[in-house]
Number of protein chains: 2
Amino acid sequence: MDGSGDRPKSKRKSSWKKDPEAVKANILEIATEEFAAYGLSGANINEIAQKTSTSKRMIYYYFGDKEGLYCAVLEGVYASLRNAEDKLEVGNLPPVEALRRLVKATFDAHAKAPHFIRLVMIENIHNGDYLRKSEIVPKLNRSIIEKLEDVCSRGKKEGLFREGANALQLHWLISSFSFYNVSNRATFSASFGTEIFSKAMQSLVKDRVADMVLAAVVIGHEPRSWD
Amino acid sequence: MDGSGDRPKSKRKSSWKKDPEAVKANILEIATEEFAAYGLSGANINEIAQKTSTSKRMIYYYFGDKEGLYCAVLEGVYASLRNAEDKLEVGNLPPVEALRRLVKATFDAHAKAPHFIRLVMIENIHNGDYLRKSEIVPKLNRSIIEKLEDVCSRGKKEGLFREGANALQLHWLISSFSFYNVSNRATFSASFGTEIFSKAMQSLVKDRVADMVLAAVVIGHEPRSWD
DNA sequence: CATGAATTTAACTCAGCGGTACATTTTTGT
DNA sequence: ACAAAAATGTACCGCTGAGTTAAATTCATG
């Protein structure tokens, strides 16, 4: 489709009129939208195909079947969340401030990654069957744990954190807030109204959550009063 | 099917050979299993029909269509969780102890209601579209909020709780832990192992969570160190 | 330019599944 | 007893949507 006969942008050997990488990426992008929106059984391959710039046959060519496509999508969103997390560097902040930063960043990262949230929800509906097959995902999640372990050990060494403060439990805790805050918006709103998800409230809640985590870990930390 | 010709167990006027209420209940029970297991699009009406003691025809007769059945299931699980919550009475406990009890009870109630959890997840995938149509569910959820409001106001009156401690935010907080702890087991385990979901660990985590909530609300509450 | 591997198109298959038609039996009201 | 209404059984329909077949096109290379 590029009028001139020169190389489009490929880093490989020479010019390709057809660009498989771009086609795959395009399929993945659309499929991510669709699976996130409708789930594994709810998403429709014909629909996906129609929204791509290629055809259904190509989906099967590159990803084998619906499940293969779903798995690829799943690994994709995990990888991109890791990417976001890795950008945050708190190694040279004092432990308390570092932890506060980590909590807030995790909260924000989840709020900004609705596709990730929805796909993880969907994967949990499927009991993690597809995630368990993945070889890359478990590795991805090491980095956030390592960060927390570093902060914990520094905090304890300086006598600021409680002994036994545990990176894994801490991560579980922080994820609870951050995940639920996005995943259950629809039903929570339907039952209790939307106030808590307003921009102003979300900012408050984020501070409150950070405060709570700190209070759990930092000796003598007194949370501020609520608004 | 009852050999003798006498009334089976009906409280209505006279004996019924066919018992519509029981048929409906049976359908709902099976449908709850299936929708919880496979989601709205994943569940299969033929499959459901086969597992009931009646036929597919009856499902359509009583519930109209697949969505109608799903809605009925959804309202059912909400109602039965409310039922469980309502059994807990903390009105005559001192505020701090009452709150601790409420947190632990909510944690336990969620852990024991996997169908509820899964159906709420599924409903969130559908953006709460079906829940929003329900007229009964919003009312159901009043009771837990009222309990928290009562405890909060008592705690504040006695000068134990921070001013501004808020029933809705508190409920959001408690639900986060309690819900996520069940909803995301599969993916969390796949990434970080299953230790945190062992019986012993769950008991610890529950105490820790209760402690955290108290620390957030109760003035001067110092959580115990972690194990 | 002949060859063959990689990539792409278009049309087709076919069973699974949501939903229905219609007859039949059971219960109720009078 | 009898008609109207509620409840149920059986067989069927049509369409949707996952996956396939087979052939055409494109590109690298000798």
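- Rounding to whole angstrom units, OH of residue B/Tyr61 and P of D/dA5 are separated by 12 Å.
- With 3.5 Å as the limit, one finds no donor-acceptor pair spanning the side chains of A/Thr194 and A/Ser189.
- The CG atom of B/Asn46 sits 8 Å away from the C1' atom of C/dG18 (whole-angstrom rounding).
- Side-chain N/O atoms of B/Ser55 include none lying less than 4.0 angstrom from OP1 or OP2 on D/dT8.
- Position along DNA chain D of the nearest nucleotide to A/Gly42 versus B/Thr54 favours B/Thr54 as the more 5'-ward residue.
- Rounded to whole angstrom, the span from the CZ atom of B/Arg57 across to the P atom of C/dC22 amounts to 12 Å.
- Atom pair B/Lys66:NZ and C/dG18:P shows a separation of 4 Å (rounding to whole Å applied).
- Between A/Phe116 and A/Tyr78, the distance from one ring center to the other falls under 6.0 angstrom.
- Two residues are said to be in side-chain contact when any heavy atoms from C-beta on lie closer than 4.5 Å; B/Met58 and B/Phe63 fail this criterion.
- Of all nucleotides listed (C/dT9, C/dG19, D/dT20), C/dG19 comes nearest to the side chain of B/Tyr60.
- At D/dT8, one or more side-chain N or O atoms of B/Tyr62 fall inside 4.0 Å of OP1 or OP2 (strictly under the cut-off).
- Computed from coordinates, the B/Met58 CE to C/dT26 P distance equals 14 Å when rounded to whole Å.
- Between B/Lys56 atom NZ and D/dT10 atom P the separation is 14 Å, expressed in whole Å.
- Atom CD1 of B/Ile59 and atom P of C/dG18 are 10 Å apart (whole Å).
- Side-chain N/O atoms of A/Tyr130 and A/Glu123 include no donor and acceptor closer than 3.5 Å.
- The side chain of B/Asn44 places no N or O atom within less than 4.0 Å of a non-bridging phosphate oxygen (OP1 or OP2) of C/dG16.
- Counting any heavy atom pair closer than 4.0 Å across all strands shown, B/Ala43 reaches sugar-phosphate atoms only and no base atom.
- Checked against the 6.0 Å centroid criterion, the rings of B/Phe177 and A/Phe177 qualify as a close aromatic pair.
- Rounded to a whole Å, the CD1 atom of A/Ile45 is 20 Å from the P atom of C/dC14.
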